[in-house]
2 protein chains.
Amino acid sequence: MTLSKFIKEKRKSTGLTQPELAEKAGVGLRFIRDLEQGKESLRLDKVNQVLKLFGFKVGAIPLIKDENEKS
Amino acid sequence: MTLSKFIKEKRKSTGLTQPELAEKAGVGLRFIRDLEQGKESLRLDKVNQVLKLFGFKVGAIPLIKDENEKS
DNA sequence: TACATTTATACCCAAACGAGTATAAACCAA
DNA sequence: TTGGTTTATACTCGTTTGGGTATAAATGTA
C-alpha cells in the first residue's frame, strides 16, 4: 500500500472529490493530484495536513520496514 | 517518538556524525540538521533517502494514528 | 578550566515546490 | 453515444527548500 493509494482510497470512501479534499485539508488542488499520483518530492507538512483529516500522520515512528514493497 | 528523534537516535547508535550521515545518505548537511531539528516542511523523498539507510521509509501505510502524540 | 569535536544558527542562491488556472482525458450513468 | 462529473496534464509564477559556507553554541573529555 502506497501513500498515494491510501489517500485515494480514504478520499473515495469518504465520498469526497479532489477539490473537496483539497479545500478541507487546506492545500491546493494541485497538491492533492500530485499526492494521489505518487509524486515523491512532496512536503512532509502538507502530506500530514491531508492525512490528519483521516486521523493519520506521517512522521511518526515506527515506520514500515523497507523491503522493496511494490506498488 | 518523532521522526527527528528517531533519526537522531539511529544516527547516534550507528556512531555517525551529521556530516557523515549526510554524505552516506546523499543529502546536504543542512538537510540532516533541519531533519533532526524537527523541521516539518521537508521533502518526503529526501526524508526517505535518509531513512533508507536504516531500513525504513515514510510513505508506507499503515501509519500511526494521530492522537496528539507528544514530543 | 581548557581544548577538540560536534551541532546549531545565519546567509546567499539555484532549483523545485505548491497554488492557480485552463484544457484535455477519463469515468460513469442514462 | 451523449452528456455531466471527476480527474489528469500543461503552463506561469511567487515562495521556500536544500546545498554550500561561515560562525557561534553546545557537548564531551582530560
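The analysis underlying the following values was restricted to heavy atoms, covering all of them including side chains, and did not include hydrogens, waters or symmetry mates. Proteins come first, then strands; the chains are lettered A, B, ... in the order of their sequence lines, and each starts at number 1.
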Original post:
Any side-chain heavy atom of B:Leu29 within less than 4.5 Å of one from B:Gln18?
Top reply: yes

Subject >> Short side-chain N/O contact to D:dT9 OP1/OP2 from A:Gln37, under 4.0 Å >> reply: yes

Original post:
With respect to the phosphate group of D:dG19, does any side-chain polar atom (N or O) of B:Lys46 fall under 4.0 Å of OP1 or OP2?
Top reply: yes

Subject >> Student check: side-chain heavy atoms of A:Leu51 and A:Leu3 closer than 4.5 Å >> reply: yes

Original post:
Using a cut-off of 4.0 Å on non-hydrogen atoms, how would the nucleic acid contact of A:Leu42 be classed: base, sugar-phosphate, or nothing?
Top reply: sugar-phosphate

Original post:
Take atom CD in B:Glu23; do more than 12 heavy atoms of anything else shown fall under 6.0 Å from it?
Top reply: no

Subject >> Bending between helix ends of the helix from C:dT1-D:dA30 to C:dA30-D:dT1 [5 pairs per end, 10° resolution] >> reply: 70°

Subject >> Among B:Arg43, B:Lys46, B:Lys39, the one residue meeting salt bridge (Lys or Arg N to Asp or Glu O under 4.0 Å) with B:Asp34 >> reply: B:Lys39

Original post:
Contact class for B:Arg30 vs. all strands (heavy atom < 4.0 Å): base, sugar-phosphate, or nothing?
Top reply: base

Subject >> Most 5' of B:Gly28 and A:Glu36 on DNA chain D, judged by nearest nucleotide >> reply: A:Glu36

Original post:
Taking OP1 and OP2 of D:dG19, is either one under 4.0 Å from a side-chain nitrogen or oxygen of B:Arg33?
Top reply: no

Original post:
Can A:Glu36 and A:Arg11 be counted as an ion pair, charged N to O under 4.0 angstrom?
Top reply: yes

Original post:
Separation of A:Ile32 atom CD1 from D:dT9 atom C1', in whole Å?
Top reply: 17 Å

**OP:** Round to a whole Å and report the spacing from CG of A:Leu44 to C1' of D:dG18.
**Re:** 15 Å

**OP:** Round to the nearest Å and state the distance from A:Glu20 atom CD to D:dT5 atom P.
**Re:** 13 Å

Subject >> Of B:Asp45 and B:Leu29, the one whose closest DNA chain C nucleotide lies more 5' >> reply: B:Leu29

Subject >> Range on DNA chain C touched by chain B, heavy atoms, distance below 4.0 Å >> reply: C:dT6 to C:dA16

**OP:** Of all the heavy-atom pairs spanning A:Phe31 and A:Val47, show the shortest one and how long it is.
**Re:** CZ-N, 3.7 Å

Original post:
Within this structure, what is the CG-to-C1' distance between A:Leu21 and D:dT6, rounded to whole angstrom?
Top reply: 14 Å

Subject >> Heavy-atom closest contact (B:Leu21 atom, B:Phe54 atom, distance) >> reply: CD1-CZ, 4.0 Å

Original post:
Please walk me through it: do B:Phe56 and B:Phe6 pass ring pair (Phe, Tyr, Trp, His ring centres under 6.0 Å)?
Top reply: CA-CA 11 Å; B:Phe56 288 88; B:Phe6 177 77; 5.2 Å; yes

Subject >> A:Leu53 side chain near A:Leu16 side chain, heavy-atom distance below 4.5 Å >> reply: no

Original post:
Please give, in whole Å, the distance from D:dT9 P to A:Phe31 CZ?
Top reply: 17 Å

Original post:
Checking all strands, does A:Arg43 fall into the base, sugar-phosphate, or nothing category for heavy-atom contacts under 4.0 angstrom?
Top reply: sugar-phosphate

Subject >> Whole-Å gap separating C1' (D:dT7) and CD (A:Glu23) >> reply: 18 Å

